[in-house]
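Just so you know, these numbers come straight off a predicted model, no measurement behind them. Side chains are part of it too, since the values below use all heavy atoms of this structure and drop only hydrogens, waters and symmetry mates.
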Amino acid sequence: MTTTQTRLQKTRGGNAAWITVVLAGVTAALHIWKLPAALPVIQESLGFSLLTAGVLLGIVQLAGMVGGLAVSLLAEVFGPRRTLILGLVFLGAGSALGALSTGAGLLLASRAIEGVGFIVATVVGPGLIRSHAPAARVNLAVGCWSAYQGTATLLGLLASAFLLQVASWQSLWWLMAVVSLLPIPLVLRFVPADPGAGTGGARTAMARIGITARSGRVWIAGIVFGCYTIQWMAVVGFLPTVYAQSGITGVGPGVLTGLVGGMNAVGALVTGNLLQRGAPARLLLNLAFVLMAVTSVLTFAVDWSPVPNGMTWQVACVALFSLTGAMVPTTLTRMAVDLAPEGGSASAAMGLMQQIFNIGNFTGPMIVAWLATATGGWSSTWWMTCGFAALGILLSLALSERRLGLRFSHS
């Protein structure tokens, strides 16, 4: 057992701490999912292109692309609880700045600040859960954490779809600035205080991060994660725009996309239960990528317009895409808490993985926007999803509990 694992075991407590961390993660992810339903309105209001819209969807991930390891150093030295609180403050500040935007430039800058807050808040999430969840409930807690994106998608898109019927998008941004700060008192109350940095401080933390960054298995897991995020963020992020262009008006696009995101949360919870029962990680990863490829082809390559209730069938296909895809982040997040090598850092393992998979979050919407612009529609989206599903399957062959020496708890 590593020094980090020993230190984490000493701080385990009840359920309130990890539930609070999950709530903070949902709050952070709401900032990603407040945008898609508002995007058609903002695009018309500020007058920018579809490709710029893709950049706006993806730029919130920019900080995660370059700052994952830096945030893990912050967490090691500053403490994960303090880091979580700092991330929530950044999210509130970025949202407030966005509400003041009158052009695409300032709005892009505000989204970048929100991206800093998001990566700062979420890098420490799995480590805090590992620290404070009772041992018998670690898989359940990780499953709930892995559902934070899907949960935020459901809540964010539903709330924004209805709010935008009666208020401006700037009002939504102000509301989210306030919501960002609400978990802070809960974190202070229920999440135990950070332990001291210990002997060596930043130098010791840098050494742990360096050991982790040289671990090939962390890199592989991050790339596999990216093969999922590049698909899911692109497809779900543009769904409101796809539905709006299909003639669905009012709250419809936001509600439908919110339900698709909610299915991802359901899939994460189901996967957590499967892991608890001993399901092999590699099997779950391969199954997820195969089903994502099949359902994306059915969603985008098939012309559903001549079929009775064709839109219903298409929504069902993309909902299955989201539901089954959830097996990837849940499985890899559970693996991430054990991926740090001897003498390494759990925060650095998650930070490096987030740094890699946020490249997928950033580039996915732009790739799909480019494909839609080049081909004149969304039907070519499956080219990208199937390509990265195949890459994910290939790389996941290197990931298995036996090969990596991992031992999941099934108690």
Side-chain angles (χ1 to χ4, degrees), residues 1-8 61-80 82-84 86-87 115-116 118-131 142 145-146 194-195 197-230 281 285 328-329 331-363 391-392 394-401 403-407:
M1 181 177 290
T2 67
T3 302
T4 300
Q5 288 172 324
T6 302
R7 185 173 69 249
L8 291 175
Q61 315 295 341
L62 184 61
M65 289 171 56
V66 298
L69 286 177
V71 173
S72 67
L73 175 61
L74 178 68
E76 288 284 337
V77 176
F78 192 53
R82 297 188 191 95
T83 302
L84 175 59
L86 181 63
V116 172
F118 178 75
I119 188 70
V120 169
T122 56
V123 158
V124 297
L128 283 170
I129 287 174
R130 188 189 188 198
S131 300
V142 170
W145 171 260
S146 299
D194 296 314
T199 305
R203 182 177 299 178
T204 302
M206 283 291 293
R208 290 197 296 267
I209 291 171
I211 291 171
T212 306
R214 292 191 293 270
S215 172
R217 64 191 191 184
V218 178
W219 283 90
I220 293 171
I223 296 172
V224 173
F225 213 146
C227 289
Y228 158 79
T229 58
I230 197 170
L285 292 174
V328 177
T331 301
L332 290 173
T333 300
R334 178 62 188 91
M335 295 175 72
V337 301
D338 292 315
L339 279 174
E342 182 72 27
S345 162
S347 294
M350 196 63 214
L352 180 57
M353 286 178 63
Q354 286 205 234
Q355 196 160 315
I356 298 169
F357 74 64
N358 272 307
I359 296 174
N361 281 335
F362 179 72
T363 57
L391 179 59
L394 181 64
L395 291 173
S396 67
L397 296 177
L399 294 176
S400 68
E401 294 95 324
R403 183 169 297 170
L404 297 179
L406 304 180
R407 293 293 183 268

(request) Indicate yes or no: at least one non-hydrogen side-chain atom of L74 is less than 4.5 angstrom from one of L86. (result) yes

(message) To check you understand the geometry: which heavy-atom pair defines the closest contact between C227 and G392, and what is its length?
(response) SG-N, 3.7 Å

(message) Using side-chain heavy atoms (C-beta onward) and a distance below 4.5 Å, is T122 in contact with W145?
(response) yes

(message) Minimum heavy-atom separation for A221 and M353, please, with both atom names.
(response) CB-CE, 4.0 Å

(request) Using the test side-chain contact (heavy atoms from CB on, under 4.5 Å), find all partners of A75 that sit at least two apart in sequence or belong to another chain. (result) T83, V124, S347

(message) Would you compute the distance between atom CD1 of I211 and atom OG of S215 and round it to the nearest 0.5 angstrom?
(response) 10.5 Å

(message) If you compare all heavy atoms of P329 against all heavy atoms of S146, which two are closest, and at what distance to 0.1 Å?
(response) O-OG, 3.8 Å

(message) Checking L394 now: which residues fulfil side-chain contact (heavy atoms from CB on, under 4.5 Å) with it, not counting sequence neighbours?
(response) L397

(message) Using a 3.5 Å distance criterion without hydrogens, assess whether the side chain of W219 forms a donor-acceptor pair with backbone atoms of A213.
(response) yes

(request) Please confirm whether the backbone N or O of P126 pairs with a side-chain atom of R130, one donor and one acceptor, at under 3.5 Å? (result) no

(request) Taking salt bridge (charged side-chain N to carboxylate O under 4.0 Å, His left out) as the test, write out the residues that go with R214, two or more places apart. (result) none

(request) Side-chain contact test, heavy atoms from C-beta onward, threshold under 4.5 Å: evaluate it for D194 versus P80 and give yes or no. (result) yes

(request) Please list, chain by chain and in numerical order, all residues satisfying side-chain contact (heavy atoms from CB on, under 4.5 Å) with T229, sequence neighbours excluded. (result) F225, F357, N361

(request) Could you tell me whether the side chain of L332 reaches within less than 4.5 Å of the side chain of L285, counting heavy atoms only? (result) yes

(request) Can you sort out the partners of T212 under side chain to side chain donor-acceptor pair (under 3.5 Å), two or more places apart, ordered by chain and number? (result) none

(message) Suppose we screen for side-chain contact (heavy atoms from CB on, under 4.5 Å). Which residues come up paired with L73, at least two apart in sequence or across chains?
(response) V77, A205, M206, I209

